[in-house]
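Index from 1, following the sequence.
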Amino acid sequence: MNSDVFAAHESNVRRYGRSFPAVFTRALGPTIWDEAGNPYIDFLVGSGALNYGHNNPNIIAPAIEYLVGENILLSLDMYTAAKRDFIEAFVDSILKPRGLSYKIQFPGPTGTNANEAALALARKYTGRPSVMAFSNAFHGMSLGSLAVSGSASTRDLGGVARHDVIRVPYDGYPNQDFDSAGYIDFVLGDPGSGIEKPAAIILETIQAEGGMNAASAAWLTEIQRICRKHGVVLIVDDIQAGSGRTGDFFSFEFAKIEPDIVCLSKSLSGSGSPFSIVLIRPEIDIWKPGEHSGTFRGNNLAFVTAGAMCKMWSDGQFTKGVERTAAKLQRHLDNLVAKFPKCIEQKRGRGLMAGLKCRSQAVVGRVHDVAFENGLLIESSGPNRDVIKVLPPITITDDELDHGIAILDHALKEQANGD
């Protein structure tokens, strides 16, 4: 396989090509093939942007039909039939069955566009400049999103100072004995704390890039209570953890909370096509016409595929299958933790958004390389890159899941035997 052109002409910033030195040509379901015909089980899935697998026929077939029909592809925020169909599918298949009522904003096509819009709206609604964000958070690569991210190396990108962010401990940080929610409640109510009341609290229910740290239902419920008590907007960044990744459509459903604002992207289109939305509690939707914009907020092909994805959630057999697959993955990971205590400290995450916290970055690096050599794509996360992210498609079959886990098992065994 000739990859010289990438080294010669692509920027040094490229990452995944270095991690997976192959030239890929086609993909279907959980499998991706390189140009030599070698198959790989994909536990990377576009960093959570391909929850429904590659080229899912239930999602791609409507897109093909739409493309050959001389239909509208870009519409800004004008009304189109494709946009209407998506809104109706999202409301009928996702919001109404969950008893949720939100206005839908279409910002730019990426997750960071959605987060920037949410932060701007919260500041506009409350009239307050600051935002409360958490240790080990990651919210995107534009300046506002970088500012509320936790990693020092991430925040330093952009070369300008970022103010008006109050950093607080996430659930379980620095350890399980510390009551971070109680701390937040106390400092917001204490005039001597030196911490001003923020416009919003922004959080991920599972910190994917932060190390697959999963918040408990009790903690999330308490954070919502604190926000209501102090008049603070609760923003849930569901960009990677949402769209079915945890087994429910929204990652916060298990906690029975209703955030004021929810940001969705990544797997929202169901196809890998860029698409994001911001869900806004109606009374908070105080935008003036045209006040927030984005050229590519009218991606009609994404409307089509996202609408098809939403309708899948109206199928009880589909949702039961996702729940069963999530439970099976968790059993697999429990077995790996018990089998390789020299390599793995603990299991992290929830549902089909899972991770293995390893003893060192070196363990993860070696497991990554051996897994790739044997046909499995995985990546690492966490501030020390010592967590193996395990993100199979939520539509993966039992046999395909077993095959991927067997490759991961082999890689861990080789590392354990080499110690």
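In E35, the CD atom is crowded: over 12 heavy atoms of neighbouring residues, nucleotides or ligands sit closer than 6.0 Å.
Here the side chains of L100 and F250 are in contact, with some heavy-atom distance below 4.5 Å. Contact check for Q224 versus L234: side-chain heavy atoms found under the 4.5 Å cut-off. Side-chain contact check for R128 versus K197: some heavy-atom pair is nearer than 4.5 Å. Side chains of V363 and D386 form no contact here, defined as non-hydrogen atoms less than 4.5 Å apart. When side chains are defined from C-beta on, I166 does not count as touching V131, because their heavy atoms never get closer than 4.5 Å. Between T112 and L146, every side-chain heavy-atom pair lies at or beyond the 4.5 Å cut-off. Inter-residue side-chain proximity for F138 and S381 is flagged as unmet; no heavy-atom pair is nearer than 4.5 Å. Put simply, the side chain of E209 reaches to within 4.5 Å of the side chain of K389, judged on heavy atoms.
Checked against the 6.0 Å centroid criterion, the rings of F134 and H139 do not qualify as a close aromatic pair. Checked against a 6.0 Å centroid threshold, the rings of F106 and F303 count as neighbours.
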*Does the side-chain hydrogen bond (donor to acceptor under 3.5 Å, both in side chains) test come out yes or no for S19 and R15, once each step is laid out?*
CA-CA 7 Å; S19 298; R15 172 188 167 192; 5.1 Å; no
*Given ring-ring contact (aromatic ring centres under 6.0 Å, His included), test Y40 with F20 step by step and report yes or no.*
CA-CA 11 Å; Y40 300 82; F20 306 110; 8.3 Å; no
*Under the salt bridge (Lys or Arg N to Asp or Glu O under 4.0 Å) rule, what do D402 and K328 come out as? Steps first, then yes or no, please.*
CA-CA 9 Å; D402 291 345; K328 182 168 186 177; 3.1 Å; yes
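Cation-pi check for R14 over F6 is not met; the charged atom does not lie both under 6.0 angstrom from the ring centroid and within 45 degrees of its normal.
Between the side chain of R225 and the backbone N or O of T221, no donor-acceptor pair lies under 3.5 Å. Without hydrogens or angle criteria, N299 side chain to P274 main chain gives a donor-acceptor distance under 3.5 Å. A distance-only check finds a donor-acceptor pair linking the side chain of S265 to the backbone of G111 [under 3.5 Å]. Side chain of N374 to backbone of V370: a donor-acceptor contact under 3.5 angstrom is found. Under the 3.5 Å distance criterion, the side-chain polar atoms of R348 are left unmatched by any main-chain donor or acceptor of N213. One N or O on the side chain of D171 and one on the backbone of S216 form a donor-acceptor pair closer than 3.5 Å. At least one donor-acceptor pair under 3.5 Å links the side chain of Y66 to the backbone N or O of I72. Side-chain N or O atoms of S149 include one that pairs as donor or acceptor with a backbone N or O of S145 at under 3.5 Å. Using a distance-only test at 3.5 Å, with no hydrogens or angles considered, no donor-acceptor pair links the side chain of N136 to the main chain of P383. In this structure, T305 contributes its side chain and S269 its backbone to a donor-acceptor pair below 3.5 Å.
Here CD of Q361 is found 8.0 Å from CZ of R385. Values are rounded to the nearest 0.5 Å.
Applying the side-chain hydrogen bond (donor to acceptor under 3.5 Å, both in side chains) rule to S75 yields the partners N300; only residues at least two apart in sequence or on another chain are considered.
A salt bridge does not link K320 with E323: every distance from a Lys NZ or Arg NE/NH1/NH2 to an Asp or Glu carboxylate oxygen is 4.0 Å or more.
The nearest pair of heavy atoms linking A371 to I378 is CB-CD1, 4.2 Å.
Under the 30°/60° scheme for interplanar angles, the aromatic rings of Y52 and W313 are found to stand perpendicular. Classification of the F86-F90 ring pair by plane angle, with boundaries at 30° and 60°, yields tilted.
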